[in-house]
Amino acid sequence: MDMEKTYQPEKFENGIYQKWEAEGLFRPSGDNSKGSYSIALPPPNVTGSLHMGHAFQQTIMDTLIRYHRMQGFNTLWQCGTDHAGIATQMVVERKLAKEENLTRHDLGREAFIDRIWKWKEQSGGTITKQMRRLGTSVDWSRERFTMDKGLSRAVKEVFVRLYDEDLIYRGKRLVNWDPKLRTAISDLEVENRDVKGYMWYMKYMLADGVKTADGKDYLMIATTRPETMLGDTAVAVNPSDERFKSIVGKELILPLVNRRIPVIADIHADMTTGTGCVKITPAHDFNDYAVGKRNKLPMINILTEDAHIRDEAEVFDHDGLPSDCVSSFIPEAYRGLDRFEARDKIVEDLKALGLLDHIEDHALSQPFGDRGGVPIEPMLTDQWYVRASVLGKPAVEAVKDGRIQFVPAQYANMYYSWMNDLQDWCISRQLWWGHRIPAWYDENGKVYVARSEEECRSKYNLADDFKLTRDPDVLDTWFSSALWTFSTLGWPDNTEELKTFHPTSCLVTGFDIIFFWVARMIMMTMHFMKNEDGTPQVPFKTVYVTGLIRDEEGKKMSKSKGNVLDPLDMIDGIGIDELVGKRTANMMQPQMAEKIAKRTRKQFPEGIASHGTDALRFTLCALASNGRDINWDMKRLDGYRNFCNKIWNASRFVLMNVGSMQLTKPNKADLSLADRFIMSKLSKTIKDVCTYIESYRFDQLANTLYEFIWNEYCDWYVEFTKAILKSNTATTEQKNATAYTLVEVLETIMRLAHPVMPFLTETIWEQTAPMVSKTNAAHTIMVAPFPKESDYEIDEEAETQIAFIKDFATTVRNLRAEMKVGPSVTLTPFMRGASASEKECAEKNFLYIKNLANIEPITFIEKDASLPPCASKPLRKAEVLIPMKDLINKDEEIKRLKGMIAKLEGNIKGGEAKLSNEAFVSKAPAKIIEGARAQLELNKTQLSKVKAQLEQMMSL
RNA sequence: GGAUGCAUAGCUCAGUUUGGUUAGAGCAUCUGCCUUACAAGCAGAGGGUCAUAGGUUCGAGUCCUAUUGCAUCCACCA
């Protein structure tokens with residue numbers, strides 16, 4: 001058996017994955033006897049690359065999938081990618097601008113979409129390659145893309161059905177408009193940023209010689225957006241505001257435009273805020289829009305699609321119909337100006353007219369488009385909407401009654417709070433890349449909705465030559481993602497896959513897309529997927545919500561901060577120059593590059609070492625506690641890479657020592673105490689592992705594996721076996737039993753750890769499984785049965801005895817260290833006052849102790865027997881003593897004993913206080929009192945021994 | 001303004017649901033060891049008034065109240 005001296009994952013990880021994939025092992029088994037288990041992978045952006053969040057979530061999903069697959073469930077991990085409308089279109093537009101100096105409009109719609117498809121072909125493989133490197137066992141044969149044929153069919157079907165049920169409608173409304181991308185976006189895609197701005201105070205003169213109650217001939221208006229005044233159609237005051245009661249219904253002259261606008265009374269105006277007078281611009285502000293509706297005000301749109309001032313305003317009545325009820329005039333000076341240029345010019349002109357009273361600094365949170373990164377503009381446009389409030393009701397119920405469970409549970413609150421106040425969802429986007437809306441218009445603008453133009457004509461009885469024009473807009477990306485769990489399984493056909501794998505078992509995703517995706521998936525799925533009894537079917541039974549992975553300082557990882565860690569770099573390693581290159585390439589703000597380079601070189605002077613996939617996955621699991629954000633810690637990764645190395649070397653030990661033996665299944669009688677001990681511990685570990693996976697405690701799972709493998713198997717059991725395998729007294733059968741157990745437990749550990757660490761475990765399993773006849777037809781651990789608690793016997797007696805042996809060895813080592821005696825010096829220990837069972841155990845298992853502590857046989861003496869000066873330490877109710885000879889420093893020993901006495905006395909004092917407390921003795925449960933008494937007694941016994949020891953030492 | 005989460009060793013975090021003997025892990029630190037699986041290792045050690053103040057209880061890191069600090073989400077911002 002030839003194994004490298006250190007763990008070198010790069011030598012085997014790739015080959016193993018290729019083998020698994022080639023042999024079709026990721027596909028469902030088709031055996032439904034134990035039920036099915038399925039996960040739909042949240043589809044990553046098709047042209048994206050794998051980041052830490054993906055690695056984290058996919059590790060968790062893969063752990064769940066591999067676990068259930070080994071448990072014998074018919075397991076499907078459905079994968080695919082998302083067309084990511086805005087994101088992808090932007091990438092290609094940027095590329096086009098950079099490389100060919102062209103805009104999408106230069107190319108035209110068809111040619112541009114063609115370019116995106118080409119880009120998808122070219123770069124779409126990046127993330128799927130990276131996923132393979134991570135070991136994700138998705139069923140690649142079922143890979144889907146949100147724009148492929150089947151999914152497009154599902155999208156059209158859903159759209160048409162919802163329209164026919166009046167759950168989708170089209171209407172002119174105020175929407176969040178991104179002037180850079182020139183599209184509407186949903187509320188969710190708006191992020192509010194705190195910015196420093198100004199409050200401008202300006203005077204609107206009263207018309208017809210009217211004066212306010214305090215004799216002024218103007219109203220003072222405060223605004224943060226002076227340029228919108230061009231579209232003002234009223235000024236509002238609060239109906240109960242005494243200051244302005246007399247002028248309600250009177251008119252003002254809108255400055256610069258010289259249009260007359262009314263003073264209206266509306267509760268929107270807050271007497272305590274600003275000046276008490278609010279300008280009302282229904283076409284450019286959400287509150288004003290509502291005020292306009294209430295007061296039947298006209299709406300004046302002054303902006304173009306890219307937020308420049310129009311040459312002539314668009315005027316609509318309060319129902320949004322084109323109207324000429326007020327003038328559409330815009331002063332020439334502002335026409336064609338960008339909205340911020342217009343602002344400056346308007347302020348300047350107002351000032352010149354003496355209408356600008358003053359300016360104040362003002363902190364405000366301003367809405368920005370999360371993709372385009374420019375301030376969004378409320379705009380009056382025609383858009384398509386989903387009546388989310390209707391679809392939302394059953395979706396709330398499903399979580400309330402537990403059909404869908406959030407893990408951790410508190411995310412359900414976040415879900416409710418949003419769901420209970422659902423606004424209609426704007427689903428149309430003025431983009432080119434996406435699912436085109438299946439709606440057609442005739443020349444009068446009448447709308448027809450159908451799956452195709454052909455169906456449209458037959459559905460609405462339209463002649464073949466009746467002119468129809470298709471809606472140019474596409475659907476929000478999240479519209480197609482919302483159908484993901486069922487559209488990928490073949491819906492609208494009632495396929496076998498749907499029957500077998502839907503609802504899916506679990507969704508693993510980040511909290512940041514609960515609203516974008518999770519909530520909408522629940523709404524859509526429950527509307528379209530029904531159980532046999534007609535009740536709505538949920539998309540998944542559990543939502544496991546992960547936190548965000550942040551950098552070591554707790555900052556979000558982002559390209560612009562230059563603190564992004566690529567999971568692949570941690571797997572394969574990367575040189576410092578290459579890392580700096582990656583972090584500083586294509587910066588939006590090139591001036592940051594130098595700073596980032598400097599910081600990166602400081603943090604990673606030698607670049608990043610390779611750690612292997614398994615170490616990365618194990619680290620991700622270990623850090624995955626309870627949905628909290630994770631501050632990434634390179635040190636943890638190093639530690640778990642060392643853990644992989646530990647497993648590797650333990651395996652090396654096993655194979656070197658027993659690899660050439662012909663092992664046979666041992667008789668129970670030939671098993672050693674250590675064998676029985678490790679199998680008992682293993683049984684308990686298996687139970688814990690299952691519990692933790694099923695309760696989504698991947699951190700506990702990792703800790704349990706780490707603790708058992710390193711502390712029990714390697715530190716103790718392997719050491720015990722050395723004593724037996726090298727022993728002259730053990731029989732061949734006994735040696736076989738221990739050798740067999742050594743291999744069998746290792747083989748089981750591999751299966752136990754496989755869901756988290758697929759590659760290392762496969763490698764070692766392939767070599768160990770045949771030795772204990774555990775191999776299978778496919779020769780892979782992937783489909784080996786997951787260990788069961790009942791595979792091994794609990795043996796409390798063995799555990800108790802081993803615990804004593806460990807204690808004894810530890811005590812001796814402790815004394816050895818305190819006496820500063822090197823491990824090569826053989827010690828001659830005494831044990832004073834041992835119980836009969838302790839004596840028997842120590843004598844019977846002396847071989848183990850000798851091997852662990854390097855000692856001569858133990859001399860047992862009576863409780864009160866005296867000895868020449870010794871270093872000593874209490875062990876339970878007895879004590880272990882080692883003759884000092886010249887090995888020990890008397891003063892040091894006295895100091896140590898005094899320390900022990902102080903500690904014991906403290907414990908005794910506490911214990912006595914507790915037990916003399918009447919209330920405690922009368923009210924605490926018997927078990928607790930019992931425990932306290934026993935502890936007190938033990939402390940007293942030990943104290944007396946240590947005191948005697950001190951006395952002897954002092955008398956020297 | 002509304003809501004949630006967090007605060008435990010030098011660092012990163014478990015433990016709090018269900019209160020119970022001396023509060024754990026990894027990394028870092030200190031001491032001694034290259035002991036034929038592993039120096040990416042072995043053996044041993046030090047390090048915590050569990051954010052603060054009250055309360056409930058025989059007993060509080062754990063339950064309750066308040067305060068402080070940090071973070072996040074939602075809403076609003078003339």
Side-chain angles (χ1 to χ4, degrees), chain A residues 3 5-7 192 199-201 221-225 235-236 268-270 273-280 285 287-288 362-366 408-411 413-414 417-418 421 511-512 514-515 547-548 552 554 609 619 622-623 625-636 638-657 697 699-700 703 706-707 714-715 718-719 722 810 813-818 820-824 852-854 903 906-907 910-911 914 917-925 927-936 938-939:
Chain A
M3 284 180 82
K5 201 175 167 187
T6 52
Y7 165 66
N192 292 305
M199 181 79 80
W200 286 271
Y201 287 81
I221 311 289
T223 180
T224 55
R225 303 200 45 204
V235 166
H268 168 63
D270 181 345
T273 311
T275 61
C277 308
V278 198
K279 64 194 265 316
I280 303 297
D285 181 283
N287 282 315
D288 294 3
H362 184 73
L364 73 164
S365 83
Q366 194 177 6
Q410 69 257 24
Y411 283 107
N413 293 329
M414 192 168 152
S417 70
W418 189 64
D421 182 32
F511 72 93
D512 48 330
I514 287 182
F515 304 147
L548 233 56
E552 38 286 297
T619 310
L623 295 176
S625 54
N626 243 336
R628 281 176 57 159
D629 283 359
I630 293 170
N631 295 349
W632 185 254
D633 182 0
M634 257 325 179
K635 299 276 174 53
R636 291 289 288 265
D638 291 342
Y640 292 125
R641 191 265 321 265
N642 295 355
F643 177 55
C644 291
N645 186 56
K646 188 73 183 177
I647 296 176
W648 182 262
N649 271 293
S651 309
R652 219 172 129 240
F653 168 82
V654 171
L655 294 170
M656 281 168 74
N657 283 280
R697 287 307 304 260
D699 56 335
Q700 307 273 41
N703 289 340
Y706 189 98
E707 154 81 20
C714 294
D715 285 352
V718 164
E719 294 305 319
K722 284 178 183 171
T810 305
R813 286 168 173 176
N814 204 306
L815 284 167
R816 180 190 291 277
E818 276 161 3
K820 299 207 188 337
V821 178
S824 55
L852 294 167
N854 188 17
K903 200 175 165 190
N907 289 347
K914 195 179 223 178
N917 182 343
E918 186 51 40
F920 175 71
V921 181
S922 61
K923 289 189 181 169
K927 213 173 130 188
I928 298 297
I929 298 170
E930 216 38 36
R933 283 219 174 95
Q935 185 63 43
L936 180 62
L938 180 61
N939 283 336

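Chain letters run A, B, ... following the sequence lines, proteins first and then strands; every chain starts at 1.
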Length of the [atom1]-[atom2] vector between [X] and [N], whole Å:
X	N	atom1	atom2	result
A/Lys927	B/G59	NZ	C1'	16 Å
A/Lys903	B/A45	NZ	P	10 Å
A/Asn703	B/C27	CG	C1'	14 Å
A/Asn642	B/C27	CG	P	7 Å
A/Lys635	B/C11	NZ	P	12 Å
A/Lys923	B/U57	NZ	P	8 Å
A/Asp288	B/A78	CG	P	9 Å
A/Lys279	B/A78	NZ	C1'	9 Å

Can you tell me how far [atom1] in [N] sits from the matching atom in [M], rounded to whole Å?
N	M	atom1	answer
B/U29	B/A75	P	48 Å
B/U62	B/G41	C1'	38 Å
B/U36	B/G48	C1'	41 Å

Original post:
Does a side-chain heavy-atom distance below 4.5 Å link A/Ile647 with A/Tyr7?
Top reply: no
Original post:
Got A/Asn703 and A/Gln700 here, is their nearest side-chain heavy-atom distance under 4.5 Å?
Top reply: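 With C-beta onward as the side chain, the pair touches.
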Ignoring hydrogens and angles, answer whether the base of [N] and the side-chain atoms of [X] contain a donor-acceptor pair closer than 3.5 Å.
X	N	answer
A/Glu719	B/A43	no
A/Arg641	B/A40	yes
A/Glu552	B/U12	no

Original post:
According to a strict under-4.0 Å criterion, is A/Lys646 in side-chain N/O contact with OP1 or OP2 of B/C42?
Top reply: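 Yes, such a contact exists.
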Original post:
At under 4.0 Å, does any side-chain N or O of A/Ser417 touch on OP1 or OP2 of B/A3?
Top reply: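 Result: no.
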So [X], base contact, sugar-phosphate only, or nothing? Heavy-atom distance under 4.0 Å.
X	answer
A/Asn413	nothing
A/Asn854	nothing
A/Ala269	base
A/Ser651	nothing

For [N], which nucleotide in any strand shown is its Watson-Crick or wobble partner with both distances under 3.5 Å?
N	answer
B/U57	none
B/A3	B/U72
B/C50	none
B/G10	B/C27
B/G32	B/C42
B/U62	none

Subject >> Heavy-atom pair with the smallest gap, counting every atom of A/Phe511 and A/Leu548 >> reply: CE2-CD1, 4.0 Å
Original post:
RNA chain B: A/Gln700 or A/Gly911, which has the more 5' nearest nucleotide?
Top reply: A/Gln700
Original post:
Start at the 5' end of RNA chain B and walk down; is the nucleotide closest to A/Gly931 or to A/Gly822 reached first?
Top reply: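 Closer to the 5' end of RNA chain B: A/Gly931.
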Original post:
When you look at CD of A/Glu707, are more than 12 heavy atoms from neighbouring residues, nucleotides or ligands closer to it than 6.0 Å?
Top reply: yes
